[in-house]
There are 2 protein chains.
Amino acid sequence: MCNQCNYENLLNASDLNATDNRLRVLEVIGNNSYPLSAADIFTTLKRTCSINRVTVYRILDLLVERGIVDRISTGGRAFYYGMAPNENHHPHPHFYCTRCGQMDCLTQDSLNVDTKALWKTFPGRIDKVEVRVDGICKNCMK
Amino acid sequence: MCNQCNYENLLNASDLNATDNRLRVLEVIGNNSYPLSAADIFTTLKRTCSINRVTVYRILDLLVERGIVDRISTGGRAFYYGMAPNENHHPHPHFYCTRCGQMDCLTQDSLNVDTKALWKTFPGRIDKVEVRVDGICKNCMK
DNA sequence: CATTCAATGCAATAAATTTGCATTGAGATT
DNA sequence: AATCTCAATGCAAATTTATTGCATTGAATG
């Protein structure tokens, strides 16, 4: 849950008009404590407003492209979306339950990833390092 | 490229009959120096034998389920497949070029991931830790 | 020779996402 | 005020990737 990010500012800073729909999508993502699928976001929005599925996808694409939101791959077929790293959101690994599809955020230091060497020697451009732990969550273990 | 794994033994050790198709799929994966998509594997096989796309998917599922092959997520929509860790193949991170879709293996120690703490404290079951670097590869940078 | 069953093929379906084209509405231009 | 423009959105259809259901085959077994 994020109480610190000003979504309107985030959009403006990326030269995006802060439309109602963009703000709504960003709020759903930012106010959630774990990443959500496009379907999750769409379903949530549908409850309180009339928005098209395609619009959600397009907004997500835009937010990812501008680096406001992170597209996170799962062990499954759908992407999940969470706030991209910024002053209020630090990069962190995720846990994906292969049984129920729930994705959780792990603390930044639960997995220690040292990327310094790679950044120095890699002959291309590095945009992002994604760390995902797959397994069965506490709930599904019961 | 793997000259050490005996694919027939790998299959037998998992109680799988070493059918021609299974061996072929495993050879394509094992003899390649980077992970391949199901489509890559299918296309490669099609060149030299008659096999159905569905058979490839089914064999891949089976190999993944038995832990012979790893299903690796990319920044894109398709899964990629590479040899699962065994005595000849150590776990390692991957690089995914978001421009051309090429996936490369990084050396085991180019990224230092320390998972000890997580294993001790995580309240569910951990099956796999996937580390993927996304960016633009050397070729696409030109 | 009949039976069984794992392996495979083929067609249809599903899930997630993307594309093409139409509509709308707020602000700029005449 | 009427018109124009363009970003934002909607709707239907298409695409991509993967999965399912059911039929066929062929080797092994009784």
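Just so you know, these numbers come straight off a predicted model, no measurement behind them. Note on naming: letters A, B, ... go to the chains in the order of the sequence lines (proteins, then strands), and numbering restarts at 1 for each one.
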Expressed as a whole number of angstroms, how long is the span from [X]:[atom1] to [N]:[atom2]?
X: I59(B); N: dA18(D); atom1: CD1; atom2: P; answer: 15 Å
X: F42(A); N: dA16(C); atom1: CZ; atom2: C1'; answer: 13 Å
X: R53(A); N: dA13(D); atom1: CZ; atom2: P; answer: 16 Å
X: Y57(A); N: dA12(D); atom1: OH; atom2: C1'; answer: 16 Å
X: D40(B); N: dT16(D); atom1: CG; atom2: C1'; answer: 14 Å
X: L45(A); N: dG10(D); atom1: CG; atom2: C1'; answer: 15 Å

Greater than 12 external heavy atoms within 6.0 Å of K138(A)'s NZ: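 Atom NZ in K138(A) is not packed in, count stays at 12 or less.
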
Within the distance-only criterion (no hydrogens, no angle test), does the side chain of E130(A) pair as donor or acceptor with the backbone N or O of S73(A) below 3.5 angstrom?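 Yes, E130(A) side chain to S73(A) backbone: donor-acceptor pair under 3.5 Å.
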
Return the residues of residues 60-80 of chain B meeting this criterion: a heavy atom under 4.0 Å from some atom of DNA chain C. Order them by number, or give none.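 Correct list: R77(B).
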
Heavy atoms under 4.0 Å is the rule here; annotate nucleotides 25-30 of chain D 5' to 3' with B where the base is hit, S where only the sugar-phosphate is, and - elsewhere. ------

Which is true for R22(A) with a 4.0 Å heavy-atom rule: it touches a base, it touches only sugar-phosphate, or it touches nothing?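 Sugar-phosphate, backbone atoms only, no base.
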
What nucleic acid atoms does A39(B) come within less than 4.0 Å of, heavy atoms only: base, sugar-phosphate, or nothing?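 No contact.
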
Would you please confirm or rule out a distance under 4.0 Å between OP1 or OP2 of dA7(C) and any side-chain N or O of T19(B)?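 Looking at the OP1 and OP2 atoms of dA7(C), neither is under 4.0 Å from any side-chain N or O of T19(B).
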
Any N17(B) side-chain N or O less than 4.0 Å from OP1/OP2 of dA6(C):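 It does not, given that no N or O in the side chain of N17(B) lies less than 4.0 Å from OP1 or OP2 of dA6(C).
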
Residues in side chain to side chain donor-acceptor pair (under 3.5 Å) contact with T98(B), at least two apart in sequence or another chain: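 Residues passing side chain to side chain donor-acceptor pair (under 3.5 Å) with T98(B): none at all.
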
If you pin L16(A) and R58(B) to their nearest nucleotides in DNA chain D, which one's is more 5'?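 It is L16(A) whose nearest nucleotide is closer to the 5' end.
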
Report the nucleotide, chosen from dC21(C), dA11(C), dG9(C), that has the shortest atom-to-atom distance to any side-chain atom of V54(B).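 Output: dA11(C).
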
